[in-house]
> 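One structure is given below, represented as structure tokens, and several questions about it will come after.
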4 protein chains.
Amino acid sequence: MNASTPEPAKPVSGRREATRRKLFEAAVTLISEQGYGATTVDEIAERAGVAKGTVYYNFGGKNELYAALMEWGVTRLADTLREAVPAAGQDVGPREALAEVLRSGVVFISAHEALARLLMAEAWRTNQSWYATVRQIRTEAIGVITGQLDAMVERGLTRPDLDTSLAGSALFGMVVTVALDWRTLQPERPVEEIHTTLAHMADGLIGSPASPQ
Amino acid sequence: MNASTPEPAKPVSGRREATRRKLFEAAVTLISEQGYGATTVDEIAERAGVAKGTVYYNFGGKNELYAALMEWGVTRLADTLREAVPAAGQDVGPREALAEVLRSGVVFISAHEALARLLMAEAWRTNQSWYATVRQIRTEAIGVITGQLDAMVERGLTRPDLDTSLAGSALFGMVVTVALDWRTLQPERPVEEIHTTLAHMADGLIGSPASPQ
Amino acid sequence: MNASTPEPAKPVSGRREATRRKLFEAAVTLISEQGYGATTVDEIAERAGVAKGTVYYNFGGKNELYAALMEWGVTRLADTLREAVPAAGQDVGPREALAEVLRSGVVFISAHEALARLLMAEAWRTNQSWYATVRQIRTEAIGVITGQLDAMVERGLTRPDLDTSLAGSALFGMVVTVALDWRTLQPERPVEEIHTTLAHMADGLIGSPASPQ
Amino acid sequence: MNASTPEPAKPVSGRREATRRKLFEAAVTLISEQGYGATTVDEIAERAGVAKGTVYYNFGGKNELYAALMEWGVTRLADTLREAVPAAGQDVGPREALAEVLRSGVVFISAHEALARLLMAEAWRTNQSWYATVRQIRTEAIGVITGQLDAMVERGLTRPDLDTSLAGSALFGMVVTVALDWRTLQPERPVEEIHTTLAHMADGLIGSPASPQ
DNA sequence: CATGAATGAGTATTCATTCAT
DNA sequence: AATGAATGAATACTCATTCAT
């Protein structure tokens with residue numbers, strides 16, 4: 001905060017950082033399994049292997065921990081999607097590029113079901129203190145998809161009048177819903193089947209360059 | 001349950017029915033905004049303009065009120081979607097039929113935002129007592145869409161290997177997400193624009209009977 | 001709050017009022033004996049013979065209970081002092097009238113030591129939420145004394161240039177201090193000795209109509 | 001520890017003394033504003049600009065810090081009052097001598113408001129561990145006043161039956177109350193006006209050697 | 001039918017104190 | 001000498017539920 005004192009290189013992962021990480025992991029697991037209200041601070045602390053007071057020392061309260069959690073997890077989702085976008089140099093068609101992004105979304109969600117459930121639960125709760133955070137990062141994630149769609153429109157691979165912003169939101173909702181339904185109702189199905197169906201859908205959904213009304 | 005049939009046994013719409021309705025409305029709004037856990041019985045009663053005890057007199061408890069709520073709303077959603085399916089005799093192509101179902105979904109959601117938010121928030125929280133209810137009726141709603149897809153597969157209007165169950169879930173998630181994003185972020189946009197984009201997307205899907213892998 | 005609905009004569013002392021009174025009494029005793037911080041809500045509830053939740057139902061919190069307490073007690077002090085002022089018709093000299101007010105102050109304090117201690121402890125804690133209340137009513141109490149002094153100045157019974165406001169504050173502090181010291185250090189002394197000394201002091205303190213500098 | 005004074009035994013004013021002083025000042029201010037119970041060790045440390053552990057390193061605990069505080073400040077008050085008593089040889093009337101003591105009291109209080117607030121707030125809270133300290137030194141301070149009154153009684157300058165101990169307590173309470181009211185409510189008034197009013201009042205007392213009952 | 005005061009088990013939160021660095 | 005992360009016992013507070021009116 002004070003530019004004149006250049007801070008003697010504070011150790012980034014000291015004891016504190018390790019404790020925060022432990023608490024994060026405990027909290028994600030428990031809250032996503034039981035919901036925010038049903039998860040007690042005692043449980044979180046016990047699972048993290050620290051004393052209850054430590055939660056308050058590090059986060060200030062249950063609400064703040066939850067907010068930090070949302071931000072942390074949701075940032076990771078956006079990052080994952082961004083990483084899935086093929087590098088500019090690579091010779092991959094926009095169609096395959098989009099499929100790749102959706103695929104990475106499914107993988108992420110199946111690895112972080114908990115988080116995905118929270119994300120959907122909080123997505124439209126506008127009066128919560130962490131709504132802004134969730135919304136902003138959700139927009140970022142959708143932005144990655146929208147970006148791919150824009151590229152496709154540019155190259156004439158889909159109808160030119162497509163509202164790519166709405167379509168991005170649609171694809172996002174589709175992926176999350178399918179992925180969660182899969183994990184919840186038919187976890188035994190191989191992930192490839194999910195990928196394939198989603199690819200088919202996306203392919204069809206936006207694959208009509210000039211379908212007549 | 002219907003006031004036009006004067007049953008002597010139980011006066012269906014006396015003070016009681018009015019009270020229940022007030023409580024329903026208050027509960028849907030509050031819970032969709034804050035979540036189930038964060039909404040107190042006091043708040044619901046206050047918003048409904050009745051005393052707290054009245055909630056217990058009429059529903060037996062917070063959980064029961066919530067369960068009744070879910071069942072009520074979600075049944076109406078399934079009914080609405082079913083009504084949108086063109087009667088067998090009518091000469092409507094499957095393309096238009098599907099579009100009509102999705103359209104009615106959007107209309108329903110924009111009229112019952114709160115309920116839709118709830119539906120998404122609770123859809124995958126498996127260890128709640130009302131999970132079975134939500135799931136069952138959600139399946140019913142998705143079933144209407146799946147039915148249309150099946151009809152299309154039968155008539156060779158889309159790829160024969162489509163997993164219509166997964167696809168139904170995908171379209172459901174797509175519609176709900178788009179509709180809620182619209183209501184939350186850009187409520188000023190005319191509903192037609194939403195319809196059009198969704199129709200385009202569904203159109204694309206239907207239009208690809210045999211897109212090569 | 002709503003003038004158009006003239007409130008159908010709410011019963012002033014129903015169950016609720018009785019509960020509040022019990023809590024008041026329990027709280028005054030305990031807090032004055034142990035201090036605010038050392039007194040727990042559990043103790044107060046137990047002593048009042050009600051459940052802990054009842055404290056919150058009736059007052060909203062420990063702080064609010066304390067604030068209500070201060071207002072209640074301190075209002076009674078002001079009332080007591082006012083009542084001690086001889087009625088206008090009675091043939092009592094201002095000197096005796098003042099002595100009477102001070103005397104009633106001592107009696108009140110010895111009957112409500114607890115409250116008096118709180119009053120002094122909070123008198124100059126300007127950043128507490130209840131400071132305004134304490135201050136206002138303290139001013140009222142001092143006002144009764146100041147009123148007597150003004151009467152004396154008017155009749156030429158004391159020096160005309162006396163700052164009666166400051167002098168009122170001085171006499172108030174004198175009375176409270178002496179009374180509390182008495183109760184704390186020499187409770188065995190008869191109250192009359194205290195009265196007498198205070199009367200002497202007041203007599204002398206302001207009894208010099210024209211003492212040369 | 002202190003490079004400039006290479007004392008082998010105990011460096012009196014090294015870093016440690018400075019730290020203790022900082023903590024003293026922070027503690028007096030905060031406690032006088034909020035009370036002992038409402039002031040946390042965190043706050044004190046933060047205001048003093050040191051880490052929390054430092055409080056414990058230097059004083060052993062919150063209670064000990066407070067006790068040290070009270071003793072330190074209250075000793076200074078007694079000393080100040082004693083110094084105000086004119087030396088035996090000096091030719092000063094008892095009237096002026098008493099006025100001088102009260103005057104020095106007002107000056108001290110206006111310079112150490114926080115301490116004075118504490119002194120009044122804790123004076124009658126008998127079951128605290130530091131009660132003995134506060135009481136003893138308070139008695140010392142009052143003793144200076146009482147001493148003056150005794151001298152006056154001896155010389156026949158006031159009524160012979162005056163309970164000088166009670167009267168001392170009365171004057172003490174009067175001075176502290178007036179001084180704090182002044183600082184809190186009308187700090188803009190010149191100190192001389194306060195002095196004058198107090199002198200007038202004390203004057204009156206002294207000037208009544210034999211006021212008839 | 002409806003009310004709202006009362007309840008108390010369950011939970012979040014505070015904060016003086018410790019101790020390894 | 002000083003630090004600040006961690007602690008956990010003590011405590012304040014919440015809120016679904018009950019029940020007498």
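Throughout, a chain's letter reflects where its sequence line sits, starting with A, and its residues are numbered from 1.
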> Please state how far atom CG in Asp42(D) lies from atom P in dT13(E), giving the value in whole angstrom units.
17 Å
> Considering every strand and a 4.0 Å limit on heavy-atom distances, what is the contact class for Thr54(B): base, sugar-phosphate, or nothing?
base
> Figure out the CG/C1' separation between Asn58(A) and dT14(E), and round it to whole Å.
16 Å
> Under a 3.5 Å cut-off on both pairing distances, which runs of 3 or more consecutive Watson-Crick or G-U pairs involve DNA chain E?
E:2-21 with F:2-21
> Whole angstroms only, please: what is the CZ-P distance between Arg20(D) and dA1(F)?
11 Å
> Determine, stepwise, if the pair Glu64(A) / Tyr56(A) fulfils side-chain contact (heavy atoms from CB on, under 4.5 Å).
CA-CA 9 Å; Glu64(A) 289 83 348; Tyr56(A) 291 88; over 6 Å; no
> Write down the distance between CZ (Phe59(A)) and P (dT13(E)), rounded to a whole number of angstrom.
14 Å
> For a quick test of reading the model: is some side-chain N or O of Tyr56(C) closer than 4.0 Å to OP1 or OP2 of dC13(F)?
yes
> Need to verify one output field. Residue with the more 5' nearest nucleotide on DNA chain F, Thr39(C) or Tyr57(C)?
Thr39(C)
> So that I can tick it off, tell me whether Glu43(B) and Arg47(B) are bridged by a salt bridge, with the cut-off set at under 4.0 angstrom between side-chain N and carboxylate O.
no
> Would you please test Phe59(C) and Phe24(C) for ring pair (Phe, Tyr, Trp, His ring centres under 6.0 Å) and show each step?
CA-CA 10 Å; Phe59(C) 291 96; Phe24(C) 255 162; 5.7 Å; yes
> Select one nucleotide: of dT14(E), dT3(E), dT17(F), the one nearest the side-chain heavy atoms of Ala51(B).
dT3(E)
> Heavy atoms only: give me the nearest Arg117(B)-Glu33(B) pair and the separation to one decimal.
NH2-CG, 4.2 Å
> On DNA chain F, does the nearest nucleotide to Thr19(A) precede the nearest nucleotide to Gly37(B) from the 5' side, or the other way round? Give the residue.
Thr19(A)
> If you find the nucleotide of DNA chain E closest to Ala38(D) and the one closest to Gly49(B), which residue's nucleotide is nearer the 5' end?
Gly49(B)
> Give a yes/no verdict on a cation-pi contact between Lys62(A) and Tyr36(A), requiring under 6.0 Å between NZ or CZ and the six-membered ring centre and an angle within 45° of the axis.
yes
> Can a donor-acceptor pair under 3.5 Å be found between the side-chain atoms of Lys52(D) and the base atoms of dT3(F)?
no
> Side chains of Glu122(A) and Tyr66(A) only: does a donor on one sit below 3.5 Å from an acceptor on the other?
yes
> Nearest-Å distance, CG (Asn63(C)) to P (dT14(E))?
13 Å
> Rounded to whole angstroms, how far apart are NZ on Lys62(B) and P on dT14(F)?
15 Å
> So which one's nearest nucleotide on DNA chain E is more toward 5', Thr40(A) or Val50(B)?
Val50(B)
> With a 4.0 Å cut-off on heavy atoms, is Val55(D) in touch with a base, just the backbone sugar-phosphate, or nothing at all?
nothing
> Could you check how far NZ of Lys22(D) sits from C1' of dA2(F), rounded to whole Å?
10 Å
> Take the protein atom CZ of Arg16(C) and the nucleotide atom C1' of dT7(E), then report the distance between them rounded to whole Å.
14 Å
> Test salt bridge (charged side-chain N to carboxylate O under 4.0 Å, His left out) on Glu17(C) and Arg21(C) and set out the steps.
CA-CA 6 Å; Glu17(C) 223 33 54; Arg21(C) 200 163 10 252; 5.2 Å; no
